[in-house]
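Some notes on the structure that comes next.
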Amino acid sequence: MLRRTICQADVELELEPVDPILIKSGYSTIDGPDMVPVVTYRSGDREYYFPGSSLKGVLRSHLERIARTLKPASVCIPYYDRRRDIKVPVDSERNSDGCSYRARGDNDSSSESYADSCAACRMFGSLKFGGRFSIGDAYPVPGHSPTLEQRNGVGIDRFTGGTVSGVLFDLQALTGGKFRTHVRVLNFELWQLAALNILLLDLQDELISVGSGRSRGLGRVKGSVTKYNLSYVPRTEHVAGLFDFATDEEKTQYQLHDWSPDSPIQLAGGSRRGLRSVFDLTSDWTERLSPLAPSFEQFLNWHGGPKGDVSNRNREEANA
Ligand SMILES: [Zn+2]
């Protein structure tokens with residue numbers, strides 16, 4: 001995308017499990033992306049961490065839910081391709097084939113792919129491009145390792161509601177601890193910065209759950225922002241996004257969203273690091289950046305949802 005760095009947001013995040021996080025060992029779950037801690041050994045000690053890829057999956061599905069609530073069918077269902085005969089139970093989402101399976105023609109350029117992609121794919125990527133949002137693995141803060149206990153679950157027959165003899169599954173429950181990770185959004189549009197803040201605030205308010213049994217209200221995590229920096233290569237005195245720095249041609253090719261807050265959000269006291277000016281918003285990002293919030297819904301309405309024709313991707317690819 002644009003092949004140059006213009007702006008980026010860097011956030012340091014601490015995650016604390018509020019409830020025990022259930023991990024079903026040896027099972028993959030079918031109720032959406034699971035954020036399962038993974039064990040590793042560091043200087044001889046067992047240590048649990050949350051892989052960045054699964055954190056990204058949880059945050060993506062949370063943002064997708066918000067987007068569908070604000071505007072039905074505004075984001076794709078990433079792995080849904082109607083040619084594979086998968087049934088989508090909700091009427092309003094029946095045309096929400098994954099952006100990965102859509103195209104204008106045989107060889108879409110990266111700007112066309114970006115322009116046609118839904119909000120979630122523009123933010124988190126698809127099979128066609130990497131997306132702007134990245135998050136690292138979350139490791140325990142020294143001195144704040146979680147504890148892990150073994151629990152046994154009993155298999156329940158879904159038909160009779162009784163127990164099934166011989167079906168015992170292993171559950172591990174992770175409690176306590178504090179994990180630290182880093183989030184980056186590169187070359188953001190202002191609505192993407194708004195989307196990042198929505199996710200951070202929902203983490204802060206314990207609205208995001210991880211692990212197995214999320215539907216039973218388990219696995220809430222609290223996220224606290226310990227650092228929030230915005231960096232710009234071009235000079236700016238207010239919070240700006242990609243649209244403000246792109247050429248007219250880029251604005252059209254990439255279909256960048258033309259939006260700015262009612263009055264400019266001032267940036268002051270930046271420090272120069274190499275080519276970048278870095279602004280530290282750690283102490284007041286929630287209030288200072290709150291005027292950006294409406295831009296997310298306005299983007300969804302303006303963009304209209306995933307574009308590109310499903311039939312333009314060839315069948316062999318769909319069946320591969
Ligand atoms: Zn999409």
Side-chain angles (χ1 to χ4, degrees), residues 1 8-11 13 15 31-35 50-80 88 90 92-93 96-100 114 116-136 138 181-211 214-215 219-223 225 228 241-242 256-257 259 285-286 289-290 292-307:
M1 170 71 189
Q8 70 187 50
D10 287 282
V11 175
L13 193 58
L15 300 171
D31 58 352
D34 223 4
M35 191 167 79
F50 294 103
S53 54
S54 50
L55 291 168
K56 186 171 162 181
V58 167
L59 295 175
R60 176 180 180 133
S61 70
H62 189 77
L63 192 71
E64 286 173 359
R65 258 196 308 278
I66 294 169
R68 288 191 194 106
T69 307
L70 293 170
K71 182 175 165 59
S74 58
V75 291
C76 74
I77 302 171
Y79 298 104
Y80 167 48
V88 171
V90 187
S92 60
E93 300 298 335
S96 299
D97 301 72
C99 295
S100 301
Y114 184 83
D116 291 352
S117 288
C118 74
C121 289
R122 276 193 186 198
M123 184 97 173
F124 296 98
S126 65
L127 299 177
K128 296 202 252 176
F129 59 89
R132 303 298 171 68
F133 179 100
S134 59
I135 180 165
T181 186
H182 176 252
V183 174
R184 174 169 290 167
V185 187
L186 192 61
N187 285 346
F188 53 79
E189 297 187 66
L190 285 180
W191 67 267
Q192 288 169 322
L193 198 55
L196 167 69
N197 296 343
I198 289 169
L199 291 173
L200 295 175
L201 289 168
D202 280 1
L203 275 169
Q204 197 169 290
D205 293 344
E206 302 170 12
L207 295 176
I208 300 180
S209 301
V210 303
R214 288 188 290 154
S215 52
R220 283 174 304 159
V221 285
K222 180 175 177 61
V225 171
Y228 194 122
L242 202 53
L256 302 178
H257 187 217
W259 187 91
W285 67 274
T286 45
L289 299 181
S290 63
L292 297 179
S295 65
F296 182 59
E297 184 171 5
Q298 285 177 29
F299 172 80
L300 297 176
N301 288 318
W302 170 79
H303 186 261
K307 297 183 174 39

Exercise: identify the closest heavy-atom pair between T181 and G136: OG1-O, 2.6 Å
E93 side chain to A73 main-chain N or O, any donor-acceptor pair under 3.5 Å? yes
Could you state the interatomic distance from CG (L190) to CD (Q298), rounded to the nearest 0.5 Å? 11.5 Å
Heavy-atom distance under 4.5 Å between the side chains of L199 and L203, does that happen here? no
Below 4.5 Å, heavy atoms only, C-beta onward: do L15 and L55 meet side chain to side chain? yes
If you take all heavy atoms of S209 and R220, which pair is closest and at what distance? OG-CG, 3.6 Å
Here the pair of heavy atoms bringing F124 nearest to L63 is CE1-CD2, 3.7 Å
Nearest heavy-atom contact between V75 and A67 is CG1-CB, 3.7 Å
Please give me the minimum heavy-atom distance between A9 and F188, naming the atom from each residue. N-CE2, 3.6 Å
Applying side-chain contact (heavy atoms from CB on, under 4.5 Å), can you list everything that pairs with H303, at least two apart in sequence or on another chain? R122, F299, K307
Partner of C121 under side chain to side chain contact (heavy atoms under 4.5 Å, CB included), picked from S100, P78, S126, is S126
Going by heavy atoms in the side chains, are F133 and K56 under 4.5 Å from each other? yes
Of all heavy-atom pairs between N301 and K71, which one has the smallest distance, and what is that distance? OD1-CD, 3.1 Å
Quick one: does I77's side chain get under 4.5 Å of R68's, heavy atoms only? yes
Can you find a heavy atom in the side chain of W191 that is under 4.5 Å from one in the side chain of L300? no
Supply the atom-to-atom distance L193 CG to I198 CD1, rounded to the nearest 0.5 angstrom. 10.5 Å
Test log, rule side chain to side chain contact (heavy atoms under 4.5 Å, CB included), inputs F296 and I66: CA-CA 10 Å; F296 182 59; I66 294 169; 4.2 Å; yes
Member of N197, V183, T286, L13 meeting the side chain to side chain contact (heavy atoms under 4.5 Å, CB included) criterion with Y228: N197
When you look at H182 and D10, which way does the side chain to side chain contact (heavy atoms under 4.5 Å, CB included) test go after all the steps? CA-CA 7 Å; H182 176 252; D10 287 282; 3.1 Å; yes
Any donor-acceptor N/O pair, R132 side chain to E189 backbone, under 3.5 Å: no
Separation between OG of S295 and CD of Q192, rounded to the nearest 0.5 Å: 9.5 Å
Answer yes or no: is there a donor N or O on one side and an acceptor on the other, between the side chain of S117 and the main chain of C99, under 3.5 Å? no
